[in-house]
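Notes follow once the structure below has been shown.
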Amino acid sequence: MTPRDRKADQTYVLAVDQGTTSTRAMIFDHGGQIVAVDQVEHEQIFPKAGWVEHDAYEIWKNTRKVIGGALAEGNFNSSHIAAVGITNQRETAVVWEADTGKPIHNAIVWQDTRTQAMVDELAKGSDEGVSRYRSRVGLPLATYFAGPKIAWILDHVDGARERAEAGELLAGTIDTWVLWNLTGGAKNGGVHVTDVTNASRTMLMDLESLSWDEEICADMGVPVAMLPEIRSSSEVYGECKPGVLAGVPVSGILGDQQAAMFGQACLDRGTAKNTYGTGSFMLLNTGEDIVHSGNGLLTTVCYRLGDDAPVYALEGSIAVTGSLIQWLRDNLKIIDSSPEVEDLARSVDDNGGAYFVPAFSGLFAPHWRPDARGAIVGLTRYCTRAHIARAALESVAYQTRDVLEAMRDDAERAGGSMTELKVDGGMVANNLLMQFQSDLLGVDVVRPEVAETTALGAAYAAGLAVGYWENTEAIVDNWAEGGRWSPEMKEGERERLYRQWNKALSRTLDWVDDDIEAVSEEA
Ligand code: ADP
């Protein structure tokens with residue numbers, strides 16, 4: 001056994017995965033296998049319709065708890081951990097006091113829409129409307145991103161803006177909040193840093209220079225002085241102190257979807273993954289090119305390793321996929337658990353002519369139609385709950401094709417192509433869906449052996465920075481196929497079904513009008 005192998009056998013990398021509903025710590029070995037894990041959920045705070053908050057302090061407490069829990073599960077101490085990586089729910093914003101570490105307001109979560117008026121105002125101030133900053137930041141003006149959330153806190157907490165300008169307050173996304181606390185916080189010189197992937201979701205970072213865009217910060221009313229320093233996704237930011245991991249370097253940060261790209265080893269131009277969770281997120285690696293979408297996709301940073309050139313991605317987000325299956329379970333009560341949807345859908349040969357467009361809160365990428373609402377169309381007396389289950393599952397695949405078509409078009413303009421789709425997330429357990437997905441796309445759909453791609457990606461970024469993994473080839477070598485589905489459907493049938501889907505989708509548009517808005521305002 002060489003010294004390197006011995007080190008690899010005896011030390012591990014710990015990833016903190018701070019998600020929307022829970023916080024997890026996962027410990028990985030050199031082969032990228034999970035050796036220990038702990039997880040705690042946190043409270044979802046809904047002060048008003050459309051508002052979603054988290055208690056940032058609860059998140060930090062949970063982070064400490066799960067780190068301790070995972071170490072205890074593996075009977076490890078800090079000497080077994082070579083590095084710590086962080087991955088996080090993106091776009092969620094926190095503002096806190098530099099000298100006490102106390103948040104001045106709950107964290108405003110990515111789903112929160114309270115900044116709509118500010119965003120509308122900014123869009124009105126330019127001929128380009130919501131695309132006002134797109135060429136610089138890759139994103140349309142939308143409530144989704146972190147910058148306007150920081151501005152909202154400064155506007156609504158007494159004296160906050162003056163304190164921010166005086167350097168008394170710090171702002172950050174959740175990666176920054178966790179890193180600052182892990183590396184010492186207020187008492188021990190916490191490091192105030194974010195990585196390029198998280199910064200690329202604030203709407204405040206210039207994609208080319210990878211620095212804060214002072215003009216946009218000024219337009220939005222966010223003092224640059226309170227923002228973290230932007231660093232790469234893989235380098236030593238600082239050491240944990242004090243606590244159970246004291247002395248261990250924190251050396252990787254990636255936003256959750258970018259971390260999944262890393263965990264899926266989508267490190268080369270043209271590689272893509274789709275994560276099927278409550279919603280779905282597809283990312284395509286576009287290499288060193290910043291590709292601006294002509295089709296409603298977001299342009300974002302995929303990762304940057306140390307001083308290497310940054311790698312970019314196109315991203316398409318779908319609002320409702322796995323949550324539609326929860327809706328069948330909780331609202332229609334036609335299944336008792338999510339996995340049951342597969343048996344129910346398999347009990348019929350096809351969708352019986354039914355198409356389900358789950359535009360519950362409008363349609364996201366690539367359509368971006370807030371005026372759409374959900375519909376099941378094509379119903380006849382023949383249809384049963386099994387057809388509805390099947391139509392619901394199929395809708396996940398159709399929506400994914402919509403995004404993939406947009407991506408293919410953008411990628412071809414940028415001189416690339418896409419040959420297979422890597423998949424992960426809770427829904428990939430569904431074989432019927434995965435086969436239908438491959439049939440509908442006409443490309444192979446491939447699942448990895450280690451499904452926890454998000455935490456694994458953060459572990460890889462951290463391990464690479466300290467030499468635990470020598471280079472990205474080690475990561476590509478670690479990736480092992482856990483399942484593959486190849487297209488079996490005839491081309492004519494595939495296109496016929498997709499035409500029907502498009503017809504169904506067109507029936508959901510223009511639904512929200514003044515009458516409907518009046519009702520929802522009363523509610
Ligand atoms: P998230 O990380 O967004 O919380 P997960 O990746 O854990 O989501 O996936 C959970 C989602 O997957 C849920 O919405 C659930 O309804 C759906 N799901 C889980 N198992 C299945 C299955 N076998 N078939 C269809 N949907 C499933």
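All ligand and atom numbering here is 1-based and tracks the order in the structure.
Aromatic ring orientation, Trp501 versus Tyr398: parallel (interplanar angle below 30°, classes split at 30° and 60°). Between Phe356 and Phe360, the ring-plane angle classifies as perpendicular under the 30° and 60° cut-offs.
Considering both main-chain and side-chain atoms, Gly322 comes within under 3.5 Å of ligand 1 through a nitrogen or oxygen pair. Annotation: Val341 places no N or O atom under 3.5 Å from an N or O atom of ligand 1; distance criterion only. Residue Ser338 places at least one N or O, backbone or side chain, under 3.5 Å from an N or O of ligand 1.
No hydrogens or angles considered: a donor-acceptor pair under 3.5 Å links the side chains of Asp402 and His367.
When only non-hydrogen protein atoms are considered, atom 4 (O) of ligand 1 lies nearest to Thr278 CG2, 4.0 Å. Atom 19 (C) of ligand 1 has as its closest protein heavy atom Gly426 O, 3.7 Å. In terms of protein heavy-atom proximity, atom 8 (O) of ligand 1 is closest to Gly277 CA, 3.4 Å. Among all non-hydrogen protein atoms, the one lying nearest atom 22 (C) of ligand 1 is Pro339 CA, 3.8 Å.
Among Glu342, Gln326, Met434, Glu452, the residue whose heavy atom lies closest to atom 14 (O) of ligand 1 is Gln326.
The distance from ligand 1 to the heavy atoms of Gly425 drops below 4.0 Å at these ligand atoms: 6 (O). Against a heavy-atom cut-off of under 4.0 Å, Ser323 is close to the following atoms of ligand 1: 14 (O). Close approach of ligand 1 to Met427 is summarised as follows: ligand atoms under 4.0 Å from at least one heavy atom of the residue are 12 (O), 17 (C), 25 (C), 26 (N), 27 (C). Taking every heavy atom of Asn430 and a limit of under 4.0 angstrom, the matching atoms of ligand 1 come to 24 (N), 25 (C).
Cation-pi contact between Arg401 and Tyr498: present, with separation from the ring centre below 6.0 Å and deviation from the ring axis of at most 45°.
Trp469 and Phe28 have their aromatic ring centers separated by at least 6.0 angstrom.
The side chain to side chain contact (heavy atoms under 4.5 Å, CB included) with Glu73 is formed by just one residue from the set Val35, Ile27, Val37; it is Val37. With Arg390 as the partner, the side chain to side chain contact (heavy atoms under 4.5 Å, CB included) test is satisfied by one option alone out of Thr384, Asp349, Leu344, Leu432: Leu432.
Salt bridge annotation for Arg90-Asp256: present, with a cationic side-chain nitrogen under 4.0 angstrom from a carboxylate oxygen. A salt bridge links Glu493 with Arg496; the closest basic N to acidic carboxylate O contact falls under 4.0 Å.
Counting only heavy atoms, the protein never gets under 4.0 Å from atom 2 (O) of ligand 1.
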